[in-house]
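Report on the structure given below.
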Amino acid sequence: MNIIHISAECYPIAKVGGLADVVGALPKYQNNENVRSQVIVPFYDNAFTKANSFATIQQSSIILGDQSYAFNILVLDEKPLEFDVFFIDIPDLLFKNYVYSSSDTERFLAFQIATLDWLLTWESYPDIIHCHDHHTGLIPFMLQESFKYEAFRKIPNILTIHNAQYQGWFSHDKVGLIPPFNFDHVGLLDWGGNINPLAAAIKCAWRITTVSPSYMEELKQAANGLEPLLSAESDKCVGILNGIDTNVWNPETDHYLVKNYKLKNVSAGATANKKHLCNAFNLNPKKPLFAFIGRLVYEKGSDIFPEVFKQTLEENDISILLLGSGNPETEAQLEALKPLFTGRFNAHIGYDEQLSHIVYAGADFLLMPSRVEPCGLNQMYALRYGTIPIVRSIGGLKDTVIDIEEENGFGICHQNVTVTEITEAINRGVALYKSQPKYKAIQKQIMEIDHSWDVSAQDYIKLYHSIKN
Ligand code: ADP
Ligand code: GLC
């Protein structure tokens with residue numbers, strides 16, 4: 001079975017968040033003697049493309065409305081990855097030093113059209129086309145409706161919703177950018193008066209998956225306007241929990257860490273990484289360290305972080321470290337908090353892959369008070385590195401973290417995203433940390449939880465088989 005994943009992100013090629021981690025791991029775990037899983041991504045102007053060399057395997061051009069754009073299909077000259085990747089190089093549109101911007105309609109539409117145009121030239125077509133998020137959401141529509149892709153009608157296709165908050169809306173004025181189709185069916189593109197790529201995918205893809213079972217259920221009640229559509233299409237929707245790449249995220253071999261460790265020497269290993277962090281950020285390594293890593297956006301609850309941190313630092317003798325970027329107002333408020341709590345609060349505003357690994361290893365607790373969390377990978381990385389997650393029970397967080405008060409519990413859970421509930425949850429963390437034997441027992445328990453992709457990758461394969469011709 002030949003599977004093609006099409007995505008805007010893929011670790012280590014281009015990463016903004018968890019989408020990259022998933023698309024960079026799932027194919028590895030799917031590939032075996034019967035399955036070949038390959039990935040198609042845009043060719044961006046970034047550190048990965050600068051550091052590697054590429055060969056051009058095809059040159060062509062696409063029509064986007066009344067414009068023509070040249071594109072190349074590139075492959076890596078050497079094979080640094082464990083799966084095949086094809087790069088869509090559209091120099092005039094995709095090749096930027098960012099993945100997303102506020103006006104990406106043309107970029108990602110061109111990416112999708114070039115991908116399908118190129119697939120048309122294949123001698124034998126893929127058995128499954130697996131799209132990820134709205135950037136590839138028009139592919140199921142085009143496979144079903146565009147005249148030029150008639151040959152693809154029978155290819156089963158899936159779209160995975162990693163985050164339904166973002167839907168890729170654009171105005172019907174731009175409908176002419178989409179390759180010609182029977183205009184009687186234009187309604188398939190529409191949601192609420194706009195062209196909505198995510199809605200179009202939910203209508204046209206053969207199956208829709210989301211990245212955790214709970215998120216699938218929640219989407220029927222809260223999906224940024226798509227609730228009725230997801231309820232109506234629920235028969236073809238399924239939630240499959242993400243896994244983690246246990247080769248990349250392994251404290252025993254992780255080359256980003258200051259000291260590697262395993263279950264047997266977790267205390268020594270975690271402490272060495274904590275000391276390094278505390279030195280770098282002027283924090284006291286003797287105090288419990290609470291950390292946050294992620295995008296500073298409303299869904300992550302980041303708008304109330306400044307108030308939460310202020311209140312909890314006034315009440316408790318703890319340290320807090322934040323790694324993230326996003327909303328400029330939140331960033332400024334966090335910067336302003338630093339001088340008020342010198343030696344107890346610090347933040348690195350920005351993106352730093354290496355630092356994130358050291359934080360997973362060195363922090364004592366990882367905060368994830370998300371308003372929306374389709375799956376969340378951070379909590380799973382934290383578990384594997386022996387760091388106790390403090391989460392709001394929602395989406396994938398609900399499916400992966402059990403509160404310490406419950407049977408076999410190992411994390412701290414709260415129900416609402418309020419300053420009071422988050423600070424109370426932190427207080428529970430402080431109490432747990434004071435009881436070191438209990439803290440250390442939980443640390444060992446969580447490092448043994450298996451969240452590798454082994455099971456979920458097979459769940460996808462079963463799903464592919466269920467729709468394969
Ligand atoms: P989301 O995709 O919604 O941002 P996930 O929990 O699925 O959330 O995945 C986030 C991924 O991005 C993790 O690999 C996390 O370590 C990483 N990440 C987020 N922000 C940063 C940052 N500022 N620096 C380094 N890594 C980050
Ligand atoms: C999205 C979600 C996150 C999920 C990730 C990977 O970015 O916000 O919860 O873990 O995709 O599926």
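Just so you know, residue 1 is the first one in the sequence shown, and it goes up from there. Atoms within each ligand, like the ligands themselves, are counted from 1 in listed order.
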Could a heavy atom of Ala20 be found less than 4.0 Å from some atom of ligand 1? no
Just by distance, no angles: are the side chains of Gln165 and Tyr298 close enough, under 3.5 Å, to form a donor-acceptor pair? no
Below 4.0 Å from any atom of ligand 2, which residues have a heavy atom? Give them in chain and number order, please. Gly18, Leu19, Val22, His162, Asn163, Val211, Asn242, Arg295, Glu373, Pro374, Cys375, Gly376, Leu377
Looking at Asn265 and Ala268, would you say the former's side chain and the latter's main chain have a donor-acceptor pair under 3.5 Å? no
Regarding Glu353 and Tyr351, do their side chains bring together a donor and an acceptor under 3.5 Å, going by distance alone? yes
Measure the distances from the heavy atoms of Tyr11 to every atom of ligand 1 and state whether one is below 4.0 angstrom. no
For the 3.5 Å polar cut-off, considering only N or O atoms, please tell me whether Gly17 and ligand 1 meet it. no
Non-neighbouring partners of Arg371 that pass salt bridge (charged side-chain N to carboxylate O under 4.0 Å, His left out), sequence neighbours left out: Asp303
Residue pair Asp133 / Asn163, side-chain donor-acceptor N/O under 3.5 Å: no
With respect to Asp21, determine whether any N or O atom, backbone or side chain, lies less than 3.5 Å from an N or O atom of ligand 1. yes
May I ask which of Trp249, Phe292, Tyr351 has a heavy atom nearer to atom 18 (N) of ligand 1 than the others do? Tyr351
Would you find more than 12 non-hydrogen atoms of other residues, nucleotides or ligands less than 6.0 Å from Lys444 atom NZ? no
Judged by atom type as modelled, is there a donor-acceptor pair below 3.5 Å linking the side chain of Asn273 to the main-chain atoms of Val258? yes
Nearest-option assignment for atom 10 (C) of ligand 1, heavy atoms, candidates Leu397, Asn378, Val359: Asn378
Carboxylate-amine/guanidinium contact Lys96 Asp104, below 4.0 Å: no
Numbered atoms and elements of ligand 1 in range of Gly350, under 4.0 angstrom, heavy atoms: 22 (C), 23 (N)
What pairs with Asp245 under salt bridge (charged side-chain N to carboxylate O under 4.0 Å, His left out), at least two apart in sequence or on another chain? Lys28
Contacts of Glu106 that satisfy salt bridge (charged side-chain N to carboxylate O under 4.0 Å, His left out) - sequence neighbours left out: Lys174
Can you name the atoms of ligand 1, numbered from 1 with element, that are less than 4.0 Å from a heavy atom of Gly294? 19 (C), 20 (N)
Just to check, does Lys15 reach to within less than 4.0 Å of ligand 1 when the distance is taken from its heavy atoms? yes
Those atoms of ligand 1 less than 4.0 Å from some heavy atom in Tyr381: 13 (C), 14 (O)
Please confirm whether Tyr439 and Phe365 have ring centers closer than 6.0 angstrom. yes
Against heavy atoms of Gly324, which atoms of ligand 1 measure under 4.0 Å? 23 (N)
So if I apply the ring-ring contact (aromatic ring centres under 6.0 Å, His included) rule between Phe86 and each of Phe111, Trp118, Phe54, Phe43, which one comes out positive? Trp118
closest protein heavy atom to atom 16 (O) of ligand 1 is Tyr360 OH, 2.7 Å
Can you confirm if the aromatic rings of His5 and Phe83 lie within a centre distance of less than 6.0 Å? no
Is the contact between Asp352 and ligand 1 made by the side chain, the backbone, both, or neither, using heavy atoms and a 4.0 Å cut-off? backbone
Would you call His162 a ligand 1 contact, heavy-atom distance under 4.0 Å? no
If I apply the N/O under 3.5 Å rule, does Gly18 come out as touching ligand 1? yes
Counting heavy atoms only, which of Arg295, His348, Lys300 comes nearest to atom 8 (O) of ligand 1? Lys300
Does atom NZ (Lys275) have a neighbourhood of more than 12 heavy atoms from anything else shown, all under 6.0 Å? no
